[in-house]
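Working notes, beginning with the structure itself.
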Amino acid sequence: MSTFQELGLNEDLLHAITDLGFEKPSDVQAKAIPILLDEDTDLVALAQTGTGKTAAFGFPMLHKIDVNSRTTQGLILSPTRELCLQIANELKLYGKYCKGLNVTAIYGGASIHDQARSVKRGAQIIVATPGRMKDMISRNMVDISKIEYSVLDEADEMLNMGFYEDITDILSHTPEDKNTWLFSATMPKEVSRIAKDFMHDPIEITVGNKNESTSQVSHEYYLVNARDRYQALKRLCDANPDIFSVVFCRTKRDTQKVAENLIEDGYSAGALHGDLSQNQRDLVMKSFRNKQIQMLVATDVAARGIDVDDITHVINYQLPDEAETYTHRSGRTGRAGKTGISMVIVSKSEVRKIKSIERIIKKEFEKKEIPDGMEICEVQLMSLANKIHNTEVNDEIDKYLTSINELFVDTDKDELIKKFFSVEFTRFYNYYQKSKNLNAPSSSRDSERGDSGGRGYGSSANETRYFINVGRKDGYDWMKLKDFLKEVLELGRDDVFKVDVKESFSFFNTEKDIQEKVLAFFTDFKHDGRFVNVEVSEDKGRSRGGRSGGRSGGRRDGGGGRRRRDDKPRGDRRSSGRRSDSGSGNRSDRRSSGGDRRSSEGGSRNRSDRRSSGGDSRRSENSSSGFDRPRRSRRRD
Ligand code: ADP
Ligand code: MG
């Protein structure tokens, strides 16, 4: 194996490498660095997340630029602010002995004028997100007309995020004869297109198989009913007491909601998504890095910058739309030579996606069962026993020992242990004692659907057809309605189907097993100031229900009653809505006043308060929306 010395890097860089403790180049570094040092060439490098790509382009760029000049010579584009900052910081570390080096990070959400000033001071290297870069170019705040080296880092992700136009635009302000180095984990069509359109005979290097996921990661999936998703998530966490994980959700809304629920349920969790302020995001990331947050609930976009090495589990709360995105997600764990587990919680309608992901990552998923309550209790108990066994004794306790001993004078050791453990254990036990099995039976239909990529339109036994009182006149077509339903009900792309939009009402289908959730959700649901009413339709198929009788045509009750579940307690749907609304408000307050750490502690305390004041009875009804009350103590000390 080669050493960094052999790759030909200069003394200043080698010195920094020693400080960093990098012993030998990673594969992608060993391949890319000599090429980039020796040749003026374009390069396409494909390597998984966590393989050291930053150094693979960073060292050659630092080696080649002239630090005595104040001209901007290197431009690195990366998809997110976090990544941008991370790269800039790495480069500063790599170049700490390069006297006069000025690396500037340019990204949205911070003062553009400060960034412009930093560039003006003579930034030889700019690390930027495409959006802010474009902005600064149009305001003449940067001059990239003398760029010699441009890097497109995480190119696949930048394109995923729709930055193609921005990249084109930015590169049009750079010289034709610069070198472009493209780094990517995967090589979808769009990346090849960039390579074709913007690069001249690039040398291509690949580390590992293209599109192959990191080998240290094992992949598991858990089949549950859609309504049990959140419960399943909690069980997976409880079954892994030392979990340190990123939980991926598909939308910002889901991300926020899942994080809020976890916090309320006493987990040390935090949300990371684009609707949070920069400051909030920084705080969350800081808590996560410090392991004060055990579960970081994130969107794909926001999570791109996460470079935390010890993540034990990646949990796909929902599968991403693109199988490629799964590669990125699972690449968050199993970094730096460690092993990791990528877990996927799927409902029946999503099982077939597992197959297509397996094809892309060229690895098989193991189908696993959500542990039952008693297994979790056992795991928790043993984990507690180990923790106590390994705890360093605090001698401050000595002075209270006599009085404590007096208290336990008649208690033998076994009983003492039992009592001691019960403090923590009983909560779990009570919670899980009567818990149900969350594993959905895998039906033969799943395998039938296997590769078809579509839904068997013939079968409707397991489906529910609904009537909904919005239609074309409300501005919906089938796609918009489907998107709307998916969003509010937090469902996946395939969970709402056979959407049939009429003038003033519509129909749609879901799997029968989420019927309850759908109906519960739409009790008293208002959208744009009007009640949106959803009812089960008699019209099972896709016949043109309601042809003559207007909206009542397809309805079950035909009674014209707006909300036929008026007899149901009002609290349920509303309280869940309110909780999430006010929750986010409170949370951001709490967060801005000192970060998530406290909010998670507050969560636990509040919880017991609320419970003792009888809040639970209403809560338990929320279980129909999938967010049941767990009982959970604060996780980390
Ligand atoms: P990628 O961009 O491929 O996802 P990074 O460049 O972020 O990966 O590197 C992942 C981690 O590995 C970082 O913490 C980085 O400091 C570390 N690293 C990079 N190169 C080496 C090396 N040669 N030896 C040890 N650690 C390295
Ligand atoms: Mg990287």
Out of curiosity, [X] [atom1] to [Y] [atom2], how far, rounded to the nearest 0.5 Å?
X      : Y      : atom1 : atom2 : answer
Asn316 : Glu220 : CG    : CD    : 11.5 Å
Tyr107 : Leu85  : OH    : CG    : 4.5 Å
Arg250 : Leu319 : CZ    : CG    : 7.5 Å
Ile243 : Gln294 : CD1   : CD    : 7.5 Å

**OP:** Anything under 30° is parallel, anything over 60° is perpendicular, the rest tilted; go ahead and classify Phe22 against Phe59.
**Re:**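 Correct class here is perpendicular.
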Test item: [X] side-chain N/O and [Y] main-chain N/O as donor-acceptor pair under 3.5 Å:
X      : Y      : answer
Ser26  : Thr51  : yes
Glu204 : Val44  : no
Ser184 : Met187 : no
Arg70  : Arg121 : yes

Subject >> Greater than 12 external heavy atoms within 6.0 Å of Lys96's NZ >> reply: yes
Original post:
Crowded around Glu90 CD? As in, over 12 foreign heavy atoms under 6.0 Å?
Top reply: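 Yes, enclosed.
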Subject >> Pair Asp275, Gln256: side-chain N/O donor-acceptor within cut-off below 3.5 Å >> reply: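 Absent: no donor and acceptor within the cut-off.
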**OP:** Using the ring of Phe248 (Phe, Tyr or Trp, six-membered ring only), decide whether Arg332 places NZ or CZ under 6.0 Å from its centre and within 45 degrees of its axis.
**Re:**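 Not flagged: Arg332 not positioned over aromatic ring of Phe248.
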Write down the atom of [X], the atom of [Y], and the distance for their closest heavy-atom approach.
X      : Y      : value
Thr255 : Cys249 : OG1-CB, 3.4 Å
Phe288 : Ile293 : CD1-O, 3.4 Å
Met133 : Ile106 : N-CG2, 4.2 Å
Pro79  : Phe163 : O-CE1, 3.5 Å
Ala123 : Thr104 : CB-OG1, 3.4 Å
Arg229 : Tyr317 : NH1-O, 2.9 Å

[X]: which residues meet the side chain to side chain contact (heavy atoms under 4.5 Å, CB included) condition with it, sequence neighbours left out?
X      : answer
Arg139 : Ile112, His113, Asp135, Met141
Ser69  : Asp66, Thr71, Gln73
Asp114 : Ser111, Arg117
Glu358 : Ile354, Lys355, Glu364, Phe365

Original post:
Do Ile341 and Thr312 come within less than 4.5 Å of each other through their side chains, counting heavy atoms only?
Top reply: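 When only atoms from C-beta onward are counted, Thr312 and Ile341 do not touch, as no gap falls below 4.5 Å.
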Do [Y] and [X] meet the salt-bridge criterion of a basic N to acidic O distance under 4.0 Å?
X      : Y      : answer
Glu82  : Arg281 : yes
Asp242 : Lys387 : no
Lys480 : Asp483 : no

**OP:** Applying ring-ring contact (aromatic ring centres under 6.0 Å, His included), name anything that partners His200, two or more places apart in sequence or on another chain.
**Re:**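 His200: no ring-ring contact (aromatic ring centres under 6.0 Å, His included) contacts found.
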**OP:** Take Tyr94 and Thr54, measure what side-chain contact (heavy atoms from CB on, under 4.5 Å) needs, and give me the verdict at the end.
**Re:** CA-CA 10 Å; Tyr94 301 165; Thr54 317; 4.0 Å; yes
**OP:** Go through the structure and list residues passing salt bridge (Lys or Arg N to Asp or Glu O under 4.0 Å) with Asp166, not counting sequence neighbours.
**Re:**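 Residues passing salt bridge (Lys or Arg N to Asp or Glu O under 4.0 Å) with Asp166: Lys134.
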**OP:** Just do the side-chain contact (heavy atoms from CB on, under 4.5 Å) check on Leu236 and His313 with the steps written out, would you?
**Re:** CA-CA 10 Å; Leu236 291 175; His313 294 75; over 6 Å; no
